[in-house]
Amino acid sequence: MEEKIDNRFGEFGGQYVPETLMASLDKLTECFENAKQDPTFYEEFHRLLNDYANRPSLLYYAKRMTEDLGGAKIYLKREDLNHTGAHKINNVIGQVLLARRLGKTRLIAETGAGQHGVATATIAALFGMKCEVFMGKEDTERQKLNVYRMELLGAKVNAVTSGQGLLKDAVNAALQDWAAHPDDTFYVIGSAMGPAPYPAMVHEFQSVISKEAKKQLQEVEGRLPDAVVACVGGGSNAIGSFADFIDDPSVALYGVEAAGEGVGTGHTAATLETGTPGIFHGMKSIFMQNNEGQIAKVYSISAGLDYPGVGPEHAALDASGRAHYVGITDDESVDAFEYIAKEEGIIAAVESCHAVAYVQKLAPTMRKDQIIICTLSGRGDKDVAQVAAYRGVDVHE
Ligand SMILES: *Cc1c(COP(=O)(O)O)cnc(C)c1O
């Protein structure tokens, strides 16, 4: 009998999808497994990452932050310098190369704030492929500029009105579209979530972050970091930042969730701190649910961390204790947004500033000969008006 590939992380993961999607997932799994054995796949992947997306991203020594906080040395992994301004493009390039291997001509994607939709529309344009993005109606109204960007790149944006018209509803709409168009369509999922093999695929494509960082730190410091810190929405930049360090037990791993107004307030997106096991979006993982087992409405100032679940590998890393998950509030992340701008001259995404805020707490508790790598998942230009509004400043005319 054929051995089935293990598609779980501990008790989490799996493939909980309607029968109509099983054949597509099986073909995708086979394609991914073949690509992993094929050097020509990686040659093309790395060529696009380097020549188009501007990799390797810098590992920058944040000297002023280090001196100001008075503890561990802080290095920033600058995913904000990638083309399209975040880590998302790493994963999109990998998945679209698989789509081409499968002979697909149409890409679909879900998007919340629009970052993943823009990255997918970008690579669709690069390869001359059709692209449709599913976005909650409420999000299309809040993120008009990103809707226009995607259209500029040649994509069609579908406003999803079912459910609450939010990110989780956009994922459901994309899964339904995929089930209806299995022959020509590839679903590009934007985080380390969904049914297998997606979480493992996203891990593989985002692991470029930690592979580069490990090598870069080795060159300047000749050793491993003591801690790695990254923000967690669905968990793709975090799993990419952790991946190459998971088997190095001396490296502490910290995933930073959005606590919103505070973990106990009900206005939060801190899934691992407040959630319970469940099955949703094709996977078993930890989700924020109400007493009836319905997916709860989540809240954070950062649209990119506003997901009611977390990828299954993070649920497993939390359960095993290999990684630690902590919450940072809106207030703390906005303070960090201003702090890193003034201290290092970097306007970082408000998502990334959740990680920065945790570094502000962690670094002073560590010795000066210790090292932290903090991933800046994206740039913060998109957040300037919102942060201004948070401070009571209206930058619109
Ligand atoms: C989408 C996004 C995130 C959250 O997604 P993950 O899959 O958890 O990485 C974080 N930062 C930025 C800049 C994003 O665009």
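One-based numbering, in listed order, for ligands and for the atoms of each. Not measured: the values here are computed from a predicted model. All residue numbers in this chain count up from 1 along the given sequence.
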Go ahead and list the nitrogen or oxygen contacts between ligand 1 and the protein that come in under 3.5 Å, distances to 0.1 Å, or just say none.
{"unit_1": "ligand 1", "atom_1": "7 (O)", "unit_2": "Ser191", "atom_2": "OG", "d": "2.6"}
{"unit_1": "ligand 1", "atom_1": "7 (O)", "unit_2": "Gly235", "atom_2": "N", "d": "3.4"}
{"unit_1": "ligand 1", "atom_1": "7 (O)", "unit_2": "Ser236", "atom_2": "N", "d": "2.8"}
{"unit_1": "ligand 1", "atom_1": "7 (O)", "unit_2": "Ser236", "atom_2": "OG", "d": "2.7"}
{"unit_1": "ligand 1", "atom_1": "8 (O)", "unit_2": "Gly233", "atom_2": "N", "d": "2.7"}
{"unit_1": "ligand 1", "atom_1": "8 (O)", "unit_2": "Gly234", "atom_2": "N", "d": "3.2"}
{"unit_1": "ligand 1", "atom_1": "8 (O)", "unit_2": "Gly235", "atom_2": "N", "d": "2.8"}
{"unit_1": "ligand 1", "atom_1": "8 (O)", "unit_2": "Ser236", "atom_2": "N", "d": "3.4"}
{"unit_1": "ligand 1", "atom_1": "9 (O)", "unit_2": "His87", "atom_2": "NE2", "d": "2.9"}
{"unit_1": "ligand 1", "atom_1": "9 (O)", "unit_2": "Ser236", "atom_2": "N", "d": "3.4"}
{"unit_1": "ligand 1", "atom_1": "9 (O)", "unit_2": "Ser236", "atom_2": "OG", "d": "3.2"}
{"unit_1": "ligand 1", "atom_1": "9 (O)", "unit_2": "Asn237", "atom_2": "N", "d": "2.8"}
{"unit_1": "ligand 1", "atom_1": "9 (O)", "unit_2": "Asn237", "atom_2": "ND2", "d": "2.9"}
{"unit_1": "ligand 1", "atom_1": "11 (N)", "unit_2": "Ser377", "atom_2": "OG", "d": "2.7"}
{"unit_1": "ligand 1", "atom_1": "15 (O)", "unit_2": "Lys88", "atom_2": "NZ", "d": "2.7"}

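The OH atom of Tyr198 lies 6.5 Å from the CG atom of Leu25; values are rounded to the nearest 0.5 Å. One finds the CG atom of Leu376 at 12.5 Å from the CD1 atom of Ile347 (value rounded to the nearest 0.5 Å).
The salt bridge (charged side-chain N to carboxylate O under 4.0 Å, His left out) search around Lys77 returns Glu212, not counting sequence neighbours. Qualifying salt bridge (charged side-chain N to carboxylate O under 4.0 Å, His left out) partners for Lys137, counting only residues two or more places apart in sequence or in other chains: Glu141.
Pairs engaging residues 275-296 under the salt bridge (Lys or Arg N to Asp or Glu O under 4.0 Å) rule: Glu11-Lys284 [sequence neighbours left out].
Salt-bridge annotation for Lys382 and Glu351: present, with a side-chain N of the basic residue lying under 4.0 Å from a carboxylate O of the acidic one.
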